[in-house]
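Source: prediction; values computed, not measured. The sequence lines fix the lettering, A, B, ..., with proteins before strands; numbering per chain opens at 1. Values below: all heavy atoms of this structure, side chains included; hydrogens, waters and symmetry mates excluded.
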Amino acid sequence: MDQLFVNLKNMALHLIGVFAPDWLVSLSSILISVGAMTFLGIFIMMYLTLMERKVIGRMQNRIGPNRVGKWGLLQPVADAIKMLTKEDIVPEPADRLLHFLAPVMIVIPALLIFAVIPFGRNMTALDLNVGLLYFFAMSSTTTMVIFMAGWGSRNKYASLGGMRSVAQMISYEVPMVLSVVPVLLSVGSLSTGKIVEAQADLWFVLTPWGFFACVIFFLCGVAECNRSPFDLPEAESEIVAGFHTEFSGMKFALFYMAEFMNAFSIAALTATLFLGGWQGPLLPSWLWFILKTYSLLFVMMWFRGTLPRLRADQMMGLAWKFLLPLALVNILAAGLHLYLGGPAGFASALIILLGSFMGLSKVNRSYVPEKREYVLAD
Amino acid sequence: MNLIPTEHYLLFALVLFAAGVTGILTRRNVIGVLISIELMLNAAAINLVVFSHTVKTAPETGQLFAFFVIALAAAGAAVGLAIVLALYRNRHTVQTDEMNLLKW
Amino acid sequence: MVTQSGWIYLIPCYPLVAFLLNVFFGAKVLKEKAAWVSIAASVLSFFTALPFTAGCLQGKIYSDRFPWIAAGNGSLDFGYLIDPMAAVLIFVVTLVGTLIVVYSTGYMRSDAGYHRFFAYVSLFMSAMTTLVIANNFLLFFIAWEIMGLCSYLLIGFWFEKPAAAKACKKAFLVTRVGDIGLFLGILTLFTLFGTLHFEDIKDMAQTAAGNPLLPAAAFLVFCGTIGKSAQFPLHVWLPDAMEGPTPVSALIHAATMVAAGVYLLARAFPVLALSPDVMKIILYTGTGTAFVGAFIALGATDIKKVLAYSTISQLGFMVAAMGLGAVNAGFFHLVTHAFFKALLFMGAGSVIHGTGTQDLRELGGLFPKMKSTAWTFLIGALAISGIPPLAGFWSKDEILTASHGNNFIFTVLCVSAFITAFYMFRLFFLTFLGKEGAKSGHAHESPLSITGPLWVLAGCSLLAGLPGSPFMGMWLQNFLSGTRHGAHEPQAALMMISTALGAAGIAFAALFYLAVPGLAKTAEAVLRPAGSGLEKSMNSVASGIGTLFMKAGSFQNFFDKYFVDGIVNLSGYAAQLAASSIRRIQTGLVQHSLLVAFAVLMVFLYCGMK
Amino acid sequence: MESLQVLVKAGIYILMAAGSLAAIGAVFFPNLFYAGLSLAGVLICVAGIYLSAGADFLAMVQILIYVGAVMTLIIYAIMLTNIEEIKVSHLGIKQILLSILAVSGFAVLTASAILSIDWRPLSGQNRLEVHELGAALMSRYIFPFEVLGILLFAVLIGAIVIARKDKV
């Protein structure tokens, strides 16, 4: 069962290999995996929207979409049709090229990231030995695309929203990259496959530095995709809808899809790096992977359902004044843990981490603006 | 496994470099000039990478130097753009031909 | 036998001290007593000079040098030289000077600038004496210039009178033209001989015989004389110089300063002798001036103008003598002329003092009122006309005998002598005889301080001729030349002719002005326009020369402004032009300089690749 | 496998062509935002070239630093100095012609130099593992690495001091 999909692919290849020249066979193997990725992306995106609305509904003591299809299962299809049929409005002063290009170019990196995610034992599409760095590179290109969207639509709010989300993404990218360093220290390689294999006996999340790294990584990930507590840029109550205010119809759908794909990849990577990816006792590898990823997705939705939105300065403060120092200390703790090994390392790492956590939270007492007395108009 | 003969890499780098220089010489906007400078730096980095393996004792020299080039380019761009902003604030222009205080 | 004596330096110093005293203490301290200081100074210099004149009589020559400017290996040194010629002249100058100073105490009595006058006169005396005893051309030239200054100051003494101011300027400028010639002449002499001392030049004259510079030097020196001694082209300043007080005219424009020019010719004679054509120029100028001067004097109506033109004419005689080579004759005439011309001027002075006017038409019949002036004036007139026993006859006769060879010159000089006699007695008859003029009414005789010197000079005019006359065997000429045969043999015939000329002149004057009453008016009617016409033509010639100089000056100014300055400005402008063109390169645009840098890089690359 | 190689070679040439086009675009686009984006295109093509030349780590770093950080900086600068409106984006025609002339001269010279040399002995790559790079960075090139760190730190502070409004 474990290698189900791999075997399927090989069978298909043999089938093609019968009557096609060999170069066509290798080409088709690439095509098959790419096709699978794309289909997976779209399928996930659609049913994540549904899942989210169901979960948020349940949290708000309501059922969520159940009109369309059994338990609302066809709701995503309905949304898709709606999105396709909606008229695609392009604002007059907008820059035609940028307005068209932005949605296209935001989906590309989101999809490219899937190549690196290990869905199951030797089920990673492209096992680069710089896999993780590849992930960070792709996620960083989105900043430029957001600018394009914001600037292209010539809308003051859109460009301001774009600037804000870019600033937020850059701020959270730094702690995210640093939080991954302890994992590299212990594994010694950037390739995602090796990382998962290294967690065969012990998931990293169970080590002190691993746990903190996982929390930092997950929080930064959430911030990267502008979700939940950090969704200030396109929050309804704030500046209209952030950088994609001027987009409607299919273009807006693409933005929406890219957002969910990013969320999925963040969850997948957190699972790969810290929760042991597809490592799991009984179930087939890919099933473990799906379980872990979706549980993390559930946490994200949980955040969305419960946590209030962070103010802009609080958000920035969290990134630069809390997560970044914590990540740095985490690297130190991981170093100690690996170097000393055994319980001594474990204890020292734990102590350092808890100490720094307490210190940082004390230092970062939430900023209470001084009491303002209001002068009533006489 | 060298797929491409080295000349083509060098020619591509030359094209980039030539474009960069033309950009610097013709662009009327300082940020345009900065963009051209980035082009030239990339051209140089390509050459470094292409010849990195020729140093038998330390084959990774070229690539590391390319890495340093990229880092420095980023630093350069940062300071350059900071200066552009300061310039814009003081002289309300970023056109190179309007910045001719040294004109006789 | 050459000897030295310190006393000689004192001769010019006494008047100089007098000058300084008058200048610094004249106004406040001396006031009236300024005259006594000058008189004392001139008397002292006269008595200091006397022993040296005597020394020269015994054949001694006083000469000494002291280095004044040490330039490189050679050095310009000053000093004095008293040889027979200087001895005689120093005697004459100091004597006449003293008499005139005494005369002017009376004449200038009530004048405001009393001390100033005597200061200038003393300065003039010291300059004249320095000139006489100088032993080289440079000291001579310095004294020459100071005399020019003094003549300027004295002519313009009554500077509030515009005519006087104009006259002194005119005198100074015209003599300056001559002085420039003299200065160039001195420089040429210096280049020729390397020294300026009279004896050295006399010895070395032969060496430069062939050199073309010699005639040039000679002519240039002669220019000095033309200027100072009022010869033909540059004589215009002398008649105007009459604006000055009469003693000034007497001292400067009769006796001493104008004589300096002739003394210069005498000193430079060795050089002149070597250039025959310059001698010819001198001769013709001299005779020309003599004739013209005499003719204009005929038409003059002002006493002093008549005497001024007569001085010009007599100087013409002396210069002609020099031109003929008869240095001693010329010099002898200079000495006699000094005496009787000073006498005539002082006579005229006392007439002016008495009547208050200079115009002949307002004078007449003064004989009974001013007896001594009249008699002395008569003696002077007789002397100048060349009546035998008096001084004028002997010296003029000498000149006539010298010019005997060249009959054209001889005839012109004879005519001039005749005209001289005629205009002198015309002057005498118009002022002293005939009927009373407008101003003759209340004329009165001048005081003793004026008539005294008149009588002394009358005596000198009587006696001065004898030393040069045959009675004393041509002693003066021999003494001057230092040889036995100083002068030409006196020919009885010539003597007869010259006396005849003088007598004829006087007779005609008497005929015209005394005998026939109507004839005087017609004569005047004819003579006056002729005289003034000639005067005007002479003036126009002089001003022609002036404008010539003006043209040269303006051309030089034009050349200097446009060529010399032009070139300088051009270089400045060229530099500026070059700079402004190069400046354009500095466009201030960064990309331009980058482009240039890149182009240069490409050139290096290309060279590297070849 | 050689069919794959043909594909890769074709890919590389396409990347080079795209890179050159994007570079020319970056230089000649009047609208500066497009120029910025074409620069991003060039950077990504160059990253592809690095991959083909065997420098994977460098490619990823290139994209991460250049496209992530430098492009953001450039676009920020563009937005803050609202250059968009100014129409004339290039200098006078004379300057353009002269510089093109000079550059083409330079290009011809260098190209002739490149083509005249036989590079074969020098060609050939070896794909370097990231850990090899890391080891070399920390052993042989530790000094440049530290200096780079200090430099970036200084640049960080410097850029902020220059760019911010002086608190007057």
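Between chain B and the options Ser99(D), Ala102(D), Gly36(D), heavy-atom pairs under 4.5 Å are most frequent for Ser99(D). Contact count versus chain D (heavy atoms, under 4.5 Å) is highest, among Val84(B), Val15(B), Val21(B), Ile35(B), for Ile35(B). Considering only heavy-atom pairs separated by less than 4.5 Å from chain B, the leading option among Ile12(D), Val161(D), Leu98(D) is Ile12(D). Chain D forms the most heavy-atom pairs under 4.5 Å with one residue out of Val33(B), Leu11(B), Leu39(B), and that residue is Leu39(B). Ranked by non-hydrogen atom pairs under 4.5 Å with chain D, the options Leu72(B), Leu87(B), Ile83(B), Thr61(B) are led by Thr61(B). Put simply, of Ala75(B), Ala73(B), Ala77(B), the one with the most heavy-atom pairs under 4.5 Å next to chain D is Ala75(B). Ranked by non-hydrogen atom pairs under 4.5 Å with chain B, the options Leu151(D), Leu115(D), Leu137(D), Leu156(D) are led by Leu137(D). The residue among Val46(D), Ile24(D), Val8(D) with the most heavy atom pairs within less than 4.5 Å of chain B is Val46(D). Ranked by heavy-atom pairs shorter than 4.5 Å toward chain D, the options Val79(B), Leu34(B), Asn42(B) are led by Asn42(B).
Residue contact with chain D, scored on non-hydrogen atoms closer than 4.5 Å, is absent for Ser52(B). Contacts between Phe29(D) and chain B at a heavy-atom distance below 4.5 Å involve backbone atoms as well as side-chain atoms. Within the 4.5 angstrom heavy-atom criterion, no atom of Ile160(D) approaches chain B. For a residue to count as touching a neighbouring chain, one of its non-hydrogen atoms must lie under 4.5 Å from one of that chain's; by this rule Ala43(B) does not touch chain D. Heavy atoms of His8(B) lying under 4.5 Å from chain D belong to its backbone as well as its side chain. Looking at Ile74(D), both its backbone and its side chain come within 4.5 Å of chain B, counting heavy atoms on both sides. Both the backbone and the side chain of Arg27(B) come within contact range of chain D, judged by heavy atoms closer than 4.5 Å. Heavy atoms of Leu14(B) lying under 4.5 Å from chain D belong exclusively to its side chain.
Closest of all the heavy-atom pairs between Gly23(B) and Val27(D) is CA-CG1, 3.5 Å. Across Val155(D) and Ala78(B), no two heavy atoms sit closer than the pair CG1-CB, 4.0 Å. Across all non-hydrogen atoms, the minimal contact from Leu81(B) to Ala77(D) is CD2-CB, 3.5 Å. Between Ala71(B) and Leu148(D), the closest heavy-atom pair is CB-CD2, 3.6 Å. Summarising the geometry of Leu80(D) relative to Tyr88(B), their closest heavy-atom pair is O-CE2, 4.0 Å, with the distance given to 0.1 Å. Closest of all the heavy-atom pairs between Ala53(D) and Val49(B) is CB-CG1, 3.8 Å.
Atom CD of Gln63(B) sits about 9.5 Å away from atom CD of Glu132(D), to the nearest 0.5 Å. To the nearest 0.5 Å, atoms CG (Leu91(D)) and OG1 (Thr26(B)) are separated by 7.0 Å. Ile114(D) contributes atom CD1, which lies 5.0 Å from atom CG of Leu10(B) (distance to the nearest 0.5 angstrom). We find the CE-CG distance between Met16(D) and Leu16(B) to be 9.5 Å, quoted to the nearest 0.5 Å. Here the CZ atom belonging to Phe12(B) is positioned 8.0 Å from the CG atom belonging to Leu15(D), to the nearest 0.5 angstrom. The CG atom of Leu39(D) sits 11.5 Å away from the CD1 atom of Ile37(B) when rounded to the nearest 0.5 Å.
Between Leu133(D) and Phe67(B), every side-chain heavy-atom pair lies at or beyond the 4.5 Å cut-off. Using a 4.5 Å heavy-atom threshold, the side chains of Ile31(B) and Ile78(D) count as touching. Residues Phe28(D) and Thr22(B) meet the side-chain proximity criterion, which asks for heavy atoms closer than 4.5 Å.
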Original post:
Given Ile46(B) and Tyr50(D), is the side-chain contact (heavy atoms from CB on, under 4.5 Å) satisfied, shown in steps?
Top reply: CA-CA 7 Å; Ile46(B) 289 176; Tyr50(D) 286 158; 4.0 Å; yes

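When each of Leu85(B), Asn29(B), Val30(B) is checked for a side-chain contact (heavy atoms from CB on, under 4.5 Å) with Thr81(D), only Leu85(B) meets the rule.
For Trp119(D) and Tyr9(B), the gap between ring centers reaches or exceeds 6.0 Å. Between Phe68(B) and Phe145(D), the ring centre distance reaches or exceeds 6.0 Å.
Shown here are the side-chain contact (heavy atoms from CB on, under 4.5 Å) partners of Leu97(D), two or more places apart in sequence or in another chain: Ile93(D).
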List the atom pairs, donor and acceptor, that lie under 3.5 Å between side-chain atoms in residues 59-70 of chain D and the rest of the protein, sequence neighbours left out.
residue, atom, partner, partner atom, Å
Gln62(D), NE2, Leu43(D), O, 3.3
Tyr66(D), OH, Glu38(B), OE1, 3.1

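The backbone N or O of Ala163(D) sits less than 3.5 Å from a side-chain atom of Arg89(B), completing a donor-acceptor pair.
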